[in-house]
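Single-structure report; data block below.
Model, not experiment: these values are computed from the prediction. For ligands, and for the atoms within them, numbers begin at 1 and follow the listed sequence.
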Amino acid sequence: MVAFSIISILSSLLLASLSYASPVSRQFSNSRLSLPSLDPQSWFCRLVHATPVHKLCLRERSTAISVKTRLGVAQGVVDVSGVNRFSVKYASAERWSPSSVVTAWALPNGSTNVSSLPLMCPQPFVDNSTYTEDCMSMILYIPTTLHADSDVPTLMWVHGGSFMVGSATNPGLDGSALALATDSIVAVIQYRLGALGFVAPNNQTNLGLGDAVNALKFLTTVLPSFGGDPSKITIAGQSSGANMIRALLAVPSAQSLFQSAILQSDPMDYGFLSSSDQVQLQQYFVSNLGCTATDSACLNALTADTIVNGAGLWQFNSSVYVVPAATQSEPMRVVNDGTFITSTLDSTSPFPSVSKPILLSNVVDEGGYTIYGSFPDPIPEAEYVAIVNASFGETRYEALMGSQSYAVGTAQNGDYRPQLQVLATDSVWRCATWTFARNWVSNGGTAYVGLYSVGASYPGNSAVPFCTEPGVVCHQDDIEIVFGTALIPNFAQSALITEMQARYKSFLYSGNPNPDDSSYTDWQAAGTSDVNAILLGSTGDAPIGACTPSFWGQSVAYDYQVFNI
Ligand SMILES: *[C@@H]1O[C@H](CO)[C@@H](O)[C@H](O)[C@H]1NC(C)=O
Ligand SMILES: *[C@@H]1O[C@H](CO)[C@@H](O)[C@H](O)[C@H]1NC(C)=O
Ligand SMILES: *[C@@H]1O[C@H](CO)[C@@H](O)[C@H](O)[C@H]1NC(C)=O
Ligand SMILES: *[C@@H]1O[C@H](CO)[C@@H](O)[C@H](O)[C@H]1NC(C)=O
Ligand SMILES: *[C@@H]1O[C@H](CO)[C@@H](O)[C@H](O)[C@H]1NC(C)=O
Ligand SMILES: *[C@@H]1O[C@H](CO)[C@@H](O)[C@H](O)[C@H]1NC(C)=O
């Protein structure tokens with residue numbers, strides 16, 4: 001019972017992003033490639049002067065450029081002033097086999113057009129002309145001022161989308177402004193998604209994670225030719241992309257490939273999958289595929305279209321009924337297989353010794369889209385109680401009701417959606433992240449923890465009116481702040497874009513998000529008890545609420561503890 005009820009509310013929290021993530025991904029291409037060059041003297045350009053959007057006014061007609069690398073001549077374009085952009089294929093793979101790093105520089109999917117952007121990895125909800133299985137590509141954004149011995153850091157970004165959808169061309173992920181502001185190289189990568197990346201008839205696991213490791217290996221080979229220091233790579237991602245970063249932190253063989261990590265809005269309540277759960281999920285997948293696991297002729301004859309929209313979508317919708325730990329949001333995900341990944345990296349088993357600096361952030365209303373999207377009308381007390389009991393099971397329900405943050409008798413106007421929203425945010429994201437920070441610090445690492453109190457509404461989030469209310473920051477609303485891609489930022493957003501990019505620059509260069517000689521709040525590293533979380537967008541510390549060491553993870557178990565993942 002517990003399992004099924006958890007499903008109903010909490011494990012579906014990331015679903016929000018799915019329905020629109022793909023359609024808008026084309027928006028990126030349009031805005032990058034068909035926007036006319038704007039006249040710098042136009043009213044628009046004078047109006048937006050000194051804001052991030054001003055870069056549109058510097059847009060140049062694409063100029064082809066080439067750079068010699070160890071893998072051959074790289075060809076790219078300048079289409080935002082000051083930044084070279086290279087689309088490149090970093091790895092190739094047979095279907096459901098581990099990928100290998102390319103040995104020669106090549107444009108994505110055999111393209112001959114240096115201006116073109118990579119096709120997405122196969123995924124549902126989009127036209128099949130927008131994707132290809134030959135999708136292990138990345139987009140590099142490189143300041144034109146760099147030269148071969150610049151030795152600058154690199155930020156490698158992993159997109160979100162529940163390991164199911166998304167691409168390097170999603171809205172807001174143009175790395176030009178971030179590369180310029182951080183004096184660094186920005187690499188936005190793609191990796192195999194859904195069943196093609198995480199559930200294989202031949203029992204392979206972690207294929208998409210292996211792709212990300214190969215992206216790192218590719219970068220270490222080519223960065224020197226562009227002015228990047230291969231020993232200064234920071235890996236970063238948002239949502240399931242941050243979950244991927246957490247997985248990379250748990251891959252011993254990848255530790256030499258990066259120096260630090262940034263995890264934005266990782267749903268840490270969902271641990272990795274266990275091998276035994278994964279075996280069941282793989283068998284379930286094969287049972288719906290229409291081929292036996294060993295019939296390679298049959299498996300190879302399936303189109304990507306059939307896989308992602310047939311058995312793949314079915315797997316996404318149904319896995320949670322087969323294995324509750326699968327969750328409804330990330331049923332196809334990283335597996336603690338004991339070889340590639342060797343620890344749960346959570347509170348359920350010995351935490352390895354760690355040393356890298358990490359930066360962890362959440363937004364204040366992570367659960368806002370799902371809760372207010374699922375419940376457009378006020379929730380009275382009786383319904384609230386029933387939802388919490390059904391979602392967490394009676395044991396956790398009793399403990400939750402003892403917390404000031406979630407107790408009954410606290411609603412204004414008889415509406416318990418605010419409490420439910422905080423509960424969703426705390427359980428899936430915020431408190432789970434703080435617990436991770438304490439574990440990280442207790443085992444030798446350094447962690448900086450922040451909470452966004454200002455965001456830029458991500459495309460699609462306006463479908464839920466709550467997410468557009470003043471002061472509300474929903475899941476994904478941090479993306480365009482970090483990338484500096486919010487279209488017309490207001491004063492508070494501009495200030496936060498400048499601050500976060502300065503902090504990221506400092507973190508990329510030194511592992512510390514406090515720039516020298518800046519007037520920004522001192523961002524103290526987390527301790528083993530107090531994580532010293534700061535508000536990003538306003539001054540002061542983030543409220544602790546129920547995210548104390550003794551409540552979440554002790555008095556009330558996370559899902560990864562309940563399911564013993
Ligand atoms: C190359 O790709 C760009 C972007 O998709 C497109 O605008 C342009 O027409 C293409 N050029 C050729 C020669 O196909
Ligand atoms: C990707 O490349 C393959 C092989 O050249 C080609 O058949 C396919 O049409 C390409 N995909 C797209 C969507 O262009
Ligand atoms: C995958 O693993 C399951 C469980 O161990 C096993 O029954 C099955 O034969 C394996 N399939 C392949 C193709 O190796
Ligand atoms: C792509 O989609 C179209 C329209 O749904 C379909 O007719 C075609 O068979 C699909 N192509 C592949 C390779 O799956
Ligand atoms: C799976 O869920 C998606 C999104 O809710 C829905 O569009 C689709 O019809 C479902 N597919 C199956 C096979 O249940
Ligand atoms: C919680 O749910 C269980 C069944 O799932 C039920 O037996 C119990 O009465 C419920 N408790 C409350 C307080 O609603």
Side-chain angles (χ1 to χ4, degrees), residues 22-23 25-37 59-66 75-80 84-89 94-98 106-135 137 139 167-169 174 176 194-196 198-207 273-313 315 322-323 332 335-339:
S22 300
S25 64
R26 258 163 285 156
Q27 198 174 313
F28 177 97
S29 331
N30 293 344
S31 67
R32 288 195 57 78
L33 297 171
S34 55
L35 261 177
S37 295
R59 192 169 289 267
E60 293 173 353
R61 189 163 290 130
S62 288
T63 314
I65 38 141
S66 60
Q75 288 187 290
V77 291
V78 181
D79 68 351
V80 170
N84 295 330
R85 170 169 63 82
F86 297 86
S87 292
V88 62
K89 168 172 165 169
E94 297 295 318
R95 178 181 289 174
W96 284 315
S97 294
L107 294 170
N109 195 47
S111 174
T112 52
N113 181 347
V114 297
S115 302
S116 64
L117 293 160
L119 292 161
M120 301 189 275
C121 287
Q123 53 191 268
F125 316 126
V126 295
D127 190 284
N128 59 21
S129 66
T130 61
Y131 60 66
T132 173
E133 282 184 82
D134 185 12
C135 62
S137 297
I139 309 176
S167 70
T169 50
D174 182 332
S176 306
L196 290 164
F198 295 94
V199 193
N202 59 17
N203 290 349
Q204 290 279 347
T205 56
N206 293 325
L207 292 168
L273 280 170
S274 68
S275 288
S276 54
D277 285 346
Q278 178 72 3
V279 166
Q280 286 191 60
L281 292 168
Q282 276 167 317
Q283 288 174 344
Y284 182 70
F285 177 65
V286 172
S287 74
N288 290 305
L289 197 54
C291 296
T292 63
T294 49
D295 186 349
S296 48
C298 179
L299 293 170
N300 290 333
L302 296 168
T303 63
D305 199 55
T306 304
I307 296 166
V308 297
N309 291 305
L313 194 51
Q315 185 80 5
V322 179
V323 172
M332 296 181 256
V335 179
N336 176 24
D337 60 6
T339 49

If you have a sec, work out which protein heavy atom is nearest atom 2 (O) of ligand 3 and how many Å separate them, to one decimal? N203 ND2, 2.2 Å
Is a donor on one side and an acceptor on the other found under 3.5 Å between the side chain of T132 and the backbone of L119? no
To which protein heavy atom is atom 13 (C) of ligand 3 closest, and what is the distance rounded to 0.1 Å? P201 O, 3.7 Å
Considering only the protein, which heavy-atom contact is closest to atom 1 (C) of ligand 4, and what is its distance? N128 ND2, 1.4 Å
Donor-acceptor under 3.5 Å (Q283 side chain, P201 main chain): no
Nearest protein heavy atom with distance in Å, relative to atom 7 (O) of ligand 3: Q283 NE2, 3.6 Å
For the 3.5 Å polar cut-off, considering only N or O atoms, please tell me whether N113 and ligand 1 meet it. yes
R85 side chain to V80 backbone, donor-acceptor under 3.5 Å: no
Work out whether the distance between some heavy atom of Q282 and some atom of ligand 3 is less than 4.0 Å. no
Under the criterion side-chain hydrogen bond (donor to acceptor under 3.5 Å, both in side chains), I'd like the reasoning laid out for N113 against S111: C-alpha separation, chi angles, the key distance, then a yes or no. CA-CA 6 Å; N113 181 347; S111 174; 5.7 Å; no
Is any side-chain heavy atom of R95 closer than 4.5 Å to a side-chain heavy atom of L302? yes
May I ask which of V279, N202, T292, V286 has a heavy atom nearer to atom 4 (C) of ligand 3 than the others do? V279
Hey, mind stepping through F198 and V335 against side-chain contact (heavy atoms from CB on, under 4.5 Å) and telling me if it holds? CA-CA 9 Å; F198 295 94; V335 179; over 6 Å; no
Quick check on atom 9 (O) of ligand 3 - does any protein heavy atom sit closer than 4.0 Å to it? no
Among non-hydrogen protein atoms, atom 14 (O) of ligand 4 lies closest to D305 CB, 3.0 Å
Is the backbone of C298 close enough, under 3.5 Å, to the side chain of D295 for a donor and an acceptor to pair up by distance? yes
